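In what follows, a single structure is set out as structure tokens and then discussed.
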Amino acid sequence: LSTDKTVKVLNILEKNIQDGSKLSTLLNHNNDTEDEERLWRDLIMERVTKSADACLTVINIMTSPNMPKAVYIEDVIERVIQYTKFHLQNTLYPQYDPVYRVDPHGGGVLSSKAKRAKCSTHKQRVIVMLYNKVCDIVSSLSELLEIQLLTDTTILQVSSMGITPFFVENVSELQLCAIKLVTAVSNF
């Protein structure tokens, strides 16, 4: 592809990323039936997964060998980081570590040990798939840092994304990817 076409593809992918970058997957509509809530959740997870695929495509294009400088669009990179941070904090951390869950009923305050003791380890297949894609994104971001010079604000966002997983339980694969990311930031 020519550079112009590649840039157009990246801009289209950015719109796909934006579509799922602020969608919360932790719905709890009290007046909806179980079927309605399941349908909403499926629709939202489909959009979130599509956005994760767009993030991976963007990062794979940017980390390909011999890419021209015009391909490293700062807005697209920031959108990937924004998507990743949002879904780590609002989708994955609450699913994998009960300490990050918010009680929708405003129940009593439980200690973190009590919350973890009550947690079930069963995860939906789409959540596990999203987790694996986000791990790939975090790992690929470390490769991008070795290729392209980023702005200070972007580096701050990336470094906070790389450090946070070490305070979350049950995300060992993500922690390994975060080690790569933090190492790339420190070499920056």
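Remember, predicted model here, so these are calculated numbers, not experimental data. For this chain, numbers begin at 1 and follow the sequence in order.
In this structure, C55 SG and I17 CD1 are separated by 4.0 Å, a value rounded to the nearest 0.5 Å. Between the NZ atom of K5 and the CG atom of L10 there is a distance of 14.5 Å, given to the nearest 0.5 Å. With values rounded to the nearest 0.5 angstrom, L181 atom CG is found 10.0 Å from S186 atom OG. Taking CD of E14 as the reference point, atom CG of D19 lies at 12.5 Å (rounded to 0.5 Å). With values rounded to the nearest 0.5 angstrom, L92 atom CG is found 11.0 Å from F86 atom CZ. Distance check, rounded to the nearest 0.5 Å: OG1 of T84 to CG of L88 gives 6.5 Å.
The shortest heavy-atom contact between T3 and A70 is CG2-CB, 3.7 Å. The shortest non-hydrogen separation linking M45 to V126 is CE-CG2, 3.9 Å. In terms of heavy-atom proximity, H87 sits nearest to L23 at CE1-O, 3.0 Å. Of all heavy-atom pairs spanning G20 and Y83, the tightest one is O-CE1, 3.6 Å. When all heavy atoms of I44 and S24 are compared, the pair lying nearest together is CG2-O, 3.7 Å.
Sorted by first and then second residue, the side-chain hydrogen bond (donor to acceptor under 3.5 Å, both in side chains) pairs involving residues 139-150 (not counting sequence neighbours) are S139-K180.
Electrostatic pairing of D42 and R38 counts as a salt bridge here, judged by a charged N lying under 4.0 Å from a carboxylate O. A salt bridge links R41 with E37: the closest approach of a Lys/Arg side-chain nitrogen to an acidic carboxylate oxygen falls below 4.0 angstrom.
Shown here is N187, whose CG atom has more than 12 heavy atoms of other residues, nucleotides or ligands within 6.0 Å. In the displayed structure, K50 atom NZ is contacted under 6.0 Å by more than 12 heavy atoms of other residues, nucleotides or ligands.
When side chains are defined from C-beta on, V128 counts as touching Y96, because their heavy atoms get closer than 4.5 Å. Looking at heavy atoms from C-beta onward, Y72 lies in side-chain contact with I147 at the 4.5 angstrom threshold. Using a 4.5 Å cut-off on side-chain heavy atoms (C-beta onward), Y93 and F167 make no contact. Between D97 and V171, the closest side-chain pair of non-hydrogen atoms is not below 4.5 Å. Residues I77 and M62 form a side-chain contact, since some pair of their non-hydrogen atoms from C-beta on lies under 4.5 Å apart. By the 4.5 Å heavy-atom criterion applied to side chains, E74 and T151 are counted as neighbours. Between L141 and L144 the shortest side-chain heavy-atom distance falls below 4.5 Å. Inter-residue side-chain proximity for V58 and I61 is flagged as unmet; no heavy-atom pair is nearer than 4.5 Å.
When each of N11, L13, V71, I59 is paired with V76, the side-chain contact (heavy atoms from CB on, under 4.5 Å) condition holds for N11 and for no other. No option in I127, V134, V48 other than I127 meets the side-chain contact (heavy atoms from CB on, under 4.5 Å) test with T91. Checking T154, T183, T63, I155 one by one against L145, the side-chain contact (heavy atoms from CB on, under 4.5 Å) holds for a single residue, I155.
Linking Ile, Leu, Val, Met, Phe, Trp and Tyr residues whenever their side-chain heavy atoms come within less than 4.5 Å leaves L156 and F166 in two separate clusters. Using a 4.5 Å cut-off between side-chain heavy atoms of Ile, Leu, Val, Met, Phe, Trp and Tyr, with links allowed through other members, V80 and I12 fall into different hydrophobic clusters.
For Q95 and Y131, the side-chain atoms include no donor-acceptor pair closer than 3.5 Å.
Looking at residues two or more places apart in sequence or on another chain, you find a side chain to side chain contact (heavy atoms under 4.5 Å, CB included) between K85 and I81, Q89, Q157, S160, M161.
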